[in-house]
Amino acid sequence: MANAMQILDKSFVPFITADEIKTEVSSLARALNADYAGKDVIFIAILNGAFMFASDLFKEIKLPSAISFIKVSSYQGMNSTGRVDEIIGLTTNIKDKHVIIIEDIVDTGITIEKVKTLLYSEKPASIEVCTLLFKPDAFQEKEIPKFIGFSIPNKFVVGYGLDYDELGRNLGEIYQLKEGSNPTKNMLNIVLFGPPGAGKGTQAERLIEKYGLSHLSTGDVFRFNIKNNTELGQLAQSYMSKGHLVPDEVTIKMLQAEVMKHPESKGFIFDGFPRTNAQAAALDELLALMDSSINVMLALEVEDKELKSRLIKRAEVSGRVDDADPAIIANRLQVYKNETEPVKEYYQAQNKFIGINGLGSIDDITKLLFSAIDSL
Ligand code: IMP
Ligand code: MG
């Protein structure tokens, strides 16, 4: 990968490689080609920043479509003035057309919101935004761009069309502003595992409270993306609705977006993730981007016999039928074993696995977890 570099008074470090950009641009083009097949489409790219992205993306667009380049002004140096006065350069008629706005980056979202408002007055059939980069933490508007390449932390970036005082646009990869000290370095990142009935949910809450961690459960991340109808959410749903497992690649990207939303977090507790070695490796790479890593995998260990009786008791209270049927319980425990064993070995190989005796009172188990973490 490229080295750190200086632009004017600032240092930047490599953040997204040219290859990663290329792969992502292709995947965005595929999504657009599929979504807009048979529709009357027009692309509108926002200059200057989006010129490189628009060029690479448009090469892979298979739709018979025009592209128009417009200009707005909202940024100087590193601070948004938050103003967009007018659109210059829109010469094509967009009435009744499906407009796809191409942006390099959506930060506060103010620019894109104003552009959309101005374009709506021309009565297009629809407007969606396709942005290479998105900063969820800086975003202030309601409507999240439908097509997002990378969700990134709220740090200034340059390269691939993006500038710092008009410099850096020519770089083929994306760089991130380097800060004096990196607060993410001291993060506490925990992978919490435990079979159904081990008391994972209760213990996760206590760990979050004590260590100020952000909770990342794959289930919640799926629901968030599906609810907000993001590209990844739609993709995930297309598998789930057929009863298929969501592929690792999709799950990892969603999780990445979530992690990047909390660049200043004290750490994360990963719940129900990673489920495969590929996911564990992807998680390592993702945390490395934040100068961080997984500290420990904590696995609550409870024998099957005990789990079965706990689940049956829980069924009596909750009425959950899947907890009551011994055959279903046995199957869930088996699935858990098949899934976790390889992941456990992954962390054992890194000397990061700690098994916790999950028998005993809730408080006792919490104490064991706390002392395991404090001894790290
Ligand atoms: P927004 O209105 O805050 O969403 O800002 C959009 C514009 O701000 C982009 O089109 C960029 O020109 C500029 N911008 C926002 N963040 C960055 C960054 O990290 N690097 C370079 N330009 C940025
Ligand atoms: Mg721009």
Side-chain angles (χ1 to χ4, degrees), residues 2 4-16 20-21 24-25 28 43-57 68-90 99-120 127-179 182 257 260-261 263-264 289-290:
M5 50 129 212
Q6 190 77 16
I7 300 180
L8 302 172
D9 59 327
K10 302 269 183 258
S11 304
F12 291 88
V13 289
F15 181 46
I16 305 175
E20 286 166 341
I21 297 172
E24 191 51 43
V25 169
L28 287 169
F43 285 84
I44 296 183
I46 305 185
L47 292 174
N48 294 328
F51 78 96
M52 206 178 273
F53 173 45
S55 159
D56 286 346
L57 181 75
S68 200
F69 294 85
I70 62 167
K71 217 167 165 159
V72 292
S73 60
S74 74
Y75 256 73
Q76 277 186 336
M78 299 209 298
N79 295 304
S80 173
T81 59
R83 277 184 287 107
V84 175
D85 301 312
E86 56 173 348
I87 290 181
I88 311 160
L90 184 66
V99 173
I100 301 163
I101 301 177
I102 306 180
E103 250 297 30
D104 48 335
I105 187 164
V106 173
D107 183 284
T108 60
I110 294 169
T111 312
I112 209 78
E113 202 54 40
K114 296 216 176 134
V115 169
K116 278 189 342 202
T117 309
L118 290 166
L119 292 178
Y120 271 124
I127 302 180
E128 295 293 354
V129 176
C130 175
T131 184
L132 182 66
L133 304 172
F134 176 56
K135 290 182 181 167
D137 255 13
F139 192 65
Q140 297 170 10
E141 301 292 336
K142 279 202 211 77
E143 217 180 325
I144 294 175
K146 181 158 177 192
F147 301 92
I148 295 173
F150 301 90
S151 290
I152 62 169
N154 190 8
K155 283 192 190 163
F156 197 79
V157 289
V158 293
Y160 197 70
L162 292 126
D163 71 305
Y164 171 47
D165 270 350
E166 293 306 324
L167 297 177
R169 294 197 196 275
N170 50 330
L171 299 165
E173 53 283 312
I174 294 173
Y175 289 75
Q176 189 179 51
L177 181 67
K178 183 181 177 177
E179 271 146 39
N182 192 337
M260 293 298 194
K261 274 186 200 171
E264 311 304 329
L289 274 182
M290 303 174 85

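Values below: every heavy atom of this structure, side chains too, minus hydrogens, waters and symmetry copies. Quick note: residue numbers are just sequence positions, from 1. Numbering of ligands and ligand atoms starts at 1, following listing order.
- Here Lys10 contributes atom NZ and Lys178 contributes atom NZ; the two are 13.5 Å apart, rounded to the nearest 0.5 Å.
- Under the 3.5 Å distance criterion, the side-chain polar atoms of Thr117 are matched with a main-chain donor or acceptor of Glu113.
- Distance CZ/Arg169 to CG/Asp163: 3.5 Å, rounded to 0.5 Å.
- Below 4.0 Å from some heavy atom of Glu103 lie the following atoms of ligand 1, by number and element: 10 (O).
- Residue contacts with ligand 1 leave out Glu113, since none of its heavy atoms falls under 4.0 Å from the ligand.
- Separating the CG atom in Leu57 from the SG atom in Cys130 is a distance of 5.0 Å, to the nearest 0.5 Å.
- Between the CG atom of Leu133 and the CD1 atom of Ile21 there is a distance of 8.0 Å, given to the nearest 0.5 Å.
- Short contacts between ligand 1 and Lys135, defined as distances under 4.0 Å to a heavy atom of the residue, involve ligand atoms 16 (N), 17 (C), 18 (C), 19 (O).
- With ligand atoms numbered from 1 in the order given, ligand 1 contributes 21 (C) to contacts under 4.0 Å with heavy atoms of Asp163.
- The ligand atoms of ligand 1 that sit less than 4.0 angstrom from a heavy atom of Thr111 are 1 (P), 2 (O), 5 (O), 6 (C).
- When heavy-atom distances to ligand 1 are checked against a 4.0 Å cut-off, Ile105 comes that close through both its backbone and its side chain.
- The aromatic rings of Phe12 and Tyr164 sit tilted relative to each other, their planes meeting at an angle between 30° and 60°.
- Looking at Asp104 against ligand 1, only its side chain comes within 4.0 Å, counting heavy atoms.
- Put simply, part of Val157 is less than 4.0 Å from ligand 1, judged by heavy atoms.
- Using a 4.0 angstrom heavy-atom cutoff, Asn48 does not count as in contact with ligand 1.
- Taking 4.0 Å as the cut-off, Val158 does not count as a neighbour of ligand 1 on heavy-atom distance.
- On a distance-only criterion, Gly109 and ligand 1 share at least one N/O pair closer than 3.5 Å.
- Atoms of ligand 1 lying under 4.0 Å from any heavy atom of Asp107, numbered from 1 in the order shown and given with element: 1 (P), 3 (O), 4 (O), 5 (O), 15 (C), 16 (N).
- Ring geometry for Phe53 against Tyr160 counts as tilted: the plane angle lies between 30° and 60°, on a 0 to 90° scale.
- Atom-to-atom distance recorded for Ile101:CD1 and Lys146:NZ is 13.5 Å, nearest 0.5 angstrom.
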